[in-house]
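Reckoned from all heavy atoms, side chains included, excluding hydrogens, waters and symmetry mates. Predicted, not measured: the structure shown is a model, and the values here were computed from it. All residue numbers refer to positions in the sequence shown, counting from 1.
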Amino acid sequence: MKTQVAIIGAGPSGLMLSRYLALQGIESIVVEDRSREYVEARIRAGLLETQAVNLLDEIGVGERLHREGMEHNGIYLQIPGERHHIDFKELIGYTVWVYGQTEIQKDLDAACDKAGQPIYYESSNVELHNIDSDNPSVSFVDKDGNAQVIEASIIAGCDGFWGPSRQAIPGVEVGSFERVYPYSWLGVMANVAPSTDELIYAWHPDGFAMHSMRSDSVSRLYLQVDPTEDIANWSDDRIWEALAKRMALTGWELKEGPITEKNILAMRSFVSGKLQHGRLFLVGDAGHTVPPTGAKGLNAAANDVRFLGEGIVEFFKQGSESGLNAYSDRAKETIWRVTHFSWWMTTMLHTSGNEFDNQLQLSQLKHLFKNKALQTNLAQNYVGIR
């Protein structure tokens, strides 16, 4: 098979890139090791920055988002006995949207189906070849057991941290940075109407808690736990009790309902030393990850798609490699801003068990509650106006 761009990974970043390129008349073939059903069911991000929404609108998959998603003007920050609203719309004139990644994935799949986008699901033995040349290729075995080869001019690695793309770059670990945090999130999905109109981020001596949502009838909630914690130790009753305690506020009550999913999420930051090598370019989690506190994972990937997409269009339409050559530097400027904001939110809201640290965090939060300049800075970073 021959195409202009081979895309490894059919998650949101891979399919956003395929749709972006298709609208510019550039062909691509997508290879994915998981099944379509698995990819559509993955529970991931649920909050979208302004720029991510703009990109989805631009590539023609924003209609259901605007119809069924929830536009939020801000967030709530809480310490015991106090809850404060940070109003993004009032501070900077922008908003965010709550719309689950599972729904984004379905919208992207539907758009790809309509356009006849070739996607090879359930592929195995995916390998990259000749990435230093002008004619790189991707080999794999399709779900029917047939050996396949895709010859392309460019390969986009949208296959996550553990995928083959990042590992195909020589010396990729050189210059890489990683921070593993000493806490994890216990995340649950519950069939109960949200108890809040916008997200709640709660600092508590027992640990951080968060109230998010996926729809008018489904709530998404998180608890800070030790990384060694066993999910089996957390009954539904224990989870609801801990959430109610950490987010307690006079006159407010946490609604409880059936918990349909629960898992423990590791917390780490990672930035690859290299985002490109020859004709291979890393996008999204293949090149960088952040803790979920700042809601930046999918949004950072959308920025990568924009930057790489522009470089690819320039390459094929103008014969210039300047945009491709600048991709890594351009993407990393945003990646490090996102990494810092995610680190800041994480370290400000998660407790270590040390009382000195607790007092520093409380001082920082109380200062934020009173300081409009700090609130504006938070709003700009959260909404993604960089």
Lys/Arg cation over aromatic Phe307: Lys332, 6.0 Å, 45° cone: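 Ring-cation test returns no.
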Residues in side-chain contact (heavy atoms from CB on, under 4.5 Å) with [X], at least two apart?
{"X": "Asp230", "value": "Ala232, Asn233"}
{"X": "Asn377", "value": "Asn381"}
{"X": "Glu310", "value": "Tyr20, Arg306, Arg330"}

Pairs meeting criterion salt bridge (Lys or Arg N to Asp or Glu O under 4.0 Å) with involvement of residues 247-256, two or more places apart: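 Listed once each, the pairs would be none.
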Of all pairs that satisfy salt bridge (Lys or Arg N to Asp or Glu O under 4.0 Å), the ones with a partner from residues 130-150, not counting sequence neighbours: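 Pairs touching residues 130-150 that pass the test: Asp134-Arg279.
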Trp343 and Tyr181 aromatic centres sub-6.0 Å: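 Distance test on ring centres: not under 6.0 Å, no.
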Name each donor-acceptor pair under 3.5 Å that joins a side chain in residues 149-174 to protein atoms two or more places apart or in another chain, with its distance.
| unit_1 | atom_1 | unit_2 | atom_2 | d |
| --- | --- | --- | --- | --- |
| Asp159 | OD1 | Ser165 | OG | 3.1 |
| Asp159 | OD2 | Ser165 | N | 3.0 |
| Asp159 | OD2 | Ser165 | OG | 2.9 |
| Arg166 | NE | Phe161 | O | 3.4 |
| Arg166 | NH1 | Glu173 | OE2 | 2.8 |
| Gln167 | NE2 | Trp162 | O | 3.2 |
| Gln167 | NE2 | Gly163 | O | 3.2 |

Glu27: salt bridge (charged side-chain N to carboxylate O under 4.0 Å, His left out) partners, not counting sequence neighbours: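 In terms of salt bridge (charged side-chain N to carboxylate O under 4.0 Å, His left out), with neighbours along the sequence ignored, Glu27 is linked to no residue.
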Would you list the atom pairs, donor with acceptor, under 3.5 Å between side chains in residues 28-36 and any protein atom, with sequence neighbours excluded?
| unit_1 | atom_1 | unit_2 | atom_2 | d |
| --- | --- | --- | --- | --- |
| Ser28 | OG | Gln117 | NE2 | 3.4 |
| Glu32 | OE1 | Ala10 | N | 2.7 |
| Glu32 | OE2 | Arg34 | N | 2.9 |
| Ser35 | OG | Tyr38 | N | 3.1 |
| Arg36 | NE | Glu40 | OE2 | 3.2 |
| Arg36 | NH1 | Asp113 | OD1 | 3.0 |
| Arg36 | NH1 | Asp113 | OD2 | 3.0 |
| Arg36 | NH2 | Asp113 | OD2 | 2.9 |

Sort and list the pairs that fulfil ring pair (Phe, Tyr, Trp, His ring centres under 6.0 Å) and have at least one residue in [range], not counting sequence neighbours.
{"range": "residues 243-267", "value": "none"}
{"range": "residues 120-155", "value": "Tyr120-Phe140"}
{"range": "residues 93-117", "value": "His66-Trp97"}

Other cluster members, Phe356 - Ile/Leu/Val/Met/Phe/Trp/Tyr, side-chain contacts below 4.5 Å: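 Direct or chained contacts put Phe356 with Leu360.
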Heavy-atom neighbours of Arg64 CZ exceed 12 at 6.0 Å: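 It does: Arg64 CZ has more than 12 such atoms within range.
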